[in-house]
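Comments concern the structure below.
Every chain is numbered from 1 and lettered A, B, ... according to where its sequence line falls, protein lines coming before strand lines.
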Amino acid sequence: MSLSGEFLAFIVLSLVAIIGGVLLLNLTKVVHMVIALVFSFISIAGIYVLLSAEFIAAVQVLIYSGAITIIMLFGIMLTRHHDTEDIKTNTWKRLILLLAIVGFGFVVYIGIYNLDIPEKPTTLHEANTEQIGIELYSKYIIPFEVTSVILLVALVGAIILAKKDHEEEGDNS
Amino acid sequence: MIQELLQSSPGLLNLGIFSLLAVLLLFVVLGFVTYGILSERKVMGFMQMRIGPNQVGGRWALLQTVADVLKLLIKEDTIPKVADRPLYIIAPVIAFAPAFMVLAALPFTDKFQFADMGIGLLYYIAVSGITTVGIVTAGWASNNKYALLGGMRAAAQMISYEIPLVMSVVGIVLLTGSLNLNEIVEAQKNIWYIVLQPVAFIVFLIASVAELNRVPFDLPEAESELVAGYHVEYSGFRWAMFMLSEYVYMFAMASLTTILFLGGWHPLPFLGFIPAAVWFALKFSLVIYLLIWIRVTFPRLRADQLMEFGWKVLLPVALANIFVTALLKELFSMF
């Protein structure tokens, strides 16, 4: 494969994504983990851009790196549990884990290496915001509406839970 | 020119050109920030019947901000002992980098623009949200109760006001049929969106002031309650980075307001002989003046009033605006 700009960008972005994921697992402080997660999310958005899915990339940054991580940070900061956790493992367990990971990697490698997806010309990369909108509102209108109802139910549920808490506090005082 | 560059094969020459352009834009923005701060202080002085800075650099204090920045750069860089060191160091970077990244998507004139993206508007909103992470991180890493409170307030405020901000521009997206900022400007050739979407403009202006953390919505750094909010513990150039990102956002937000509502670089009728760049600069300066005016005139809101205003007033108004716009658009396209 020749070294094109796209390939370089892909290498950098996937490295950042993987390093972010590894750091998320290995760091001990919860807030550090969330910041590592943000880097992972943003580089995945960058990979979406490389695949010409701009809309998905922007939504990924807006929802995941913006809103969700901030809500996670909020939750972590407001609940003052002990920040660090110690991990205890024995050697045998580690060895078995390593074998399992290597095995999994090998299987996936074999599966992917000779995978041949026939390339067919598409127009998906042109004005994909418009295409997503048309698809969503013509073919998938019912799942879309049902999703919004589910989200509304979650919203109402959250409000009820929060309100209940407040009333109990009032009774106690 | 940029379009060709973006599609050419990579090489050291391209890297050089891109770096050069980025540095050039950085200097333009730094120049704006320098004189933006000076003009803000001058206008504030004028509105509060003071004189304002008039010592350093002649009668107009033209070197005042330069001197201030120099002072900041040679100040001692302090990191508190109990601070979370890596996060404390990385937080100003996370806060500043998106501020500069959003500038890439803004078309200043039909010639002077960098990336012509199909989703330019969405890109701006999405990337500017990352700064909040930096601010919250700074508040938490400082290990100081005022900083933490400021960071919390910033997170709550920016999440709450991002929603009306996005909702207010949906009307414009409906009318244009595109998220591309160039096409939005092109659609305003005959009539500006401030005329067609006055409600959206007011909601956008209020929400953008809140997003910029400026007075009346500067709760994250309310000096009378929180000392200085999320950047209490920062000093020297790290603090300067927070301030810089704040003013770069002011630059970006004023440009975006110009592009979305004031017709970008399009001239008023019969005044087409004035160059596009001058028109853009004039409209941009008007928005900046408006922002300074708001800062001097209004008192700060209370935290609960802020939340209530965002969710109970701005959001319903923005939603109603979308509904009415969609209805009117359908009605007009019928006839």
Side-chain angles (χ1 to χ4, degrees), chain A residues 2-9 12 23 27-39 41-42 45-46 48-49 52-78 80 83-84 125-133 155 159, chain B residues 5-11 14-15 18 84-87 90-91 93-94 97-98 101 105 115 117-137 139-141 143 147-149 151-160 162-163 166 173 177-180 183:
Chain A
S2 64
L3 201 66
S4 66
E6 202 180 333
F7 188 57
L8 268 178
V12 171
L23 281 179
L27 289 173
T28 45
K29 282 191 182 168
V30 189
V31 178
H32 291 194
M33 292 178 187
V34 177
I35 301 298
L37 192 63
V38 171
F39 278 100
F41 280 150
I42 291 174
Y48 285 144
V49 171
S52 346
E54 306 161 318
F55 183 73
I56 305 287
V59 171
Q60 161 93 7
V61 173
L62 189 66
I63 305 291
Y64 282 91
S65 332
I68 287 185
T69 39
I70 286 171
I71 287 174
M72 275 158 75
L73 279 173
F74 226 89
I76 292 163
M77 287 173 189
L78 286 179
R80 272 257 170 224
D83 297 310
T84 55
H125 56 279
E126 292 163 6
N128 58 48
T129 313
E130 198 179 339
Q131 287 195 41
I132 288 173
L155 194 71
I159 291 172
Chain B
L5 263 180
L6 283 176
Q7 280 151 9
S8 61
S9 61
N14 281 20
L15 187 72
F18 280 133
D84 193 324
R85 213 182 147 86
L87 283 187
I90 204 176
V93 181
I94 300 181
M101 274 168 70
M117 272 183 275
I119 46 150
L121 184 55
L122 202 61
Y123 170 86
Y124 180 98
I125 292 160
V127 171
S128 67
I130 300 174
T131 296
T132 321
V133 178
I135 289 177
V136 177
T137 313
W140 191 81
N143 212 343
L148 186 62
L149 272 174
M152 290 288 182
R153 282 184 175 187
Q157 175 177 332
M158 287 174 120
I159 285 189
S160 314
E162 209 167 80
I163 297 166
V166 177
V173 175
S178 171
L179 285 164
N180 186 323
E183 282 176 32

- For A:Leu37 and A:Met72, what are the C-alpha separation, side-chain angles and deciding distance, and is it a side chain to side chain contact (heavy atoms under 4.5 Å, CB included)? CA-CA 11 Å; A:Leu37 192 63; A:Met72 275 158 75; 3.6 Å; yes
- For A:Phe39, is it the side chain, the backbone, both, or neither that has a heavy atom closer than 4.5 Å to a heavy atom of chain B?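 Side chain only.
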- Toward chain B, the part of A:Ile42 with a non-hydrogen atom under 4.5 Å: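 Contact with chain B involves the side chain of A:Ile42 alone.
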- Contact origin within B:Ala156 toward chain A - heavy atom pairs under 4.5 Å: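 Answer is both: backbone and side chain atoms of B:Ala156 are under 4.5 Å from chain A.
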- Query: Given that the side chain runs from C-beta out, which part of B:Ile159 has a heavy atom under 4.5 Å from chain A: side chain, backbone, both or neither?
  - Reply: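 Looking at B:Ile159, just its side chain touches chain A.
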- Taking the side chain as every heavy atom from C-beta outward, state whether B:Glu162 and A:Leu62 have any pair of such atoms under 4.5 Å apart.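 In short, these two side chains touch, coming nearer than 4.5 Å.
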- Message: Within the 4.5 Å heavy-atom criterion, are A:Ile56 and A:Ile132 side-chain neighbours or not?
- Response: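 A side-chain contact exists here, since the closest heavy-atom pair is under 4.5 Å.
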- Query: Could you go step by step and tell me if A:Leu23 and A:Ile35 meet the side chain to side chain contact (heavy atoms under 4.5 Å, CB included) rule?
  - Reply: CA-CA 9 Å; A:Leu23 281 179; A:Ile35 301 298; over 6 Å; no
- Message: For the interface with chain A, which of B:Ile94, B:Leu122, B:Asn180 has the highest count of heavy-atom pairs at distances below 4.5 Å?
- Response: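 Counting heavy-atom pairs under 4.5 Å, the top option is B:Leu122.
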- Mark yes or no for whether B:Ser128, through its side chain, and B:Pro98, through its backbone, hold a donor-acceptor pair below 3.5 Å.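 Side chain of B:Ser128 to backbone of B:Pro98, a donor-acceptor pair under 3.5 Å: no, none is there.
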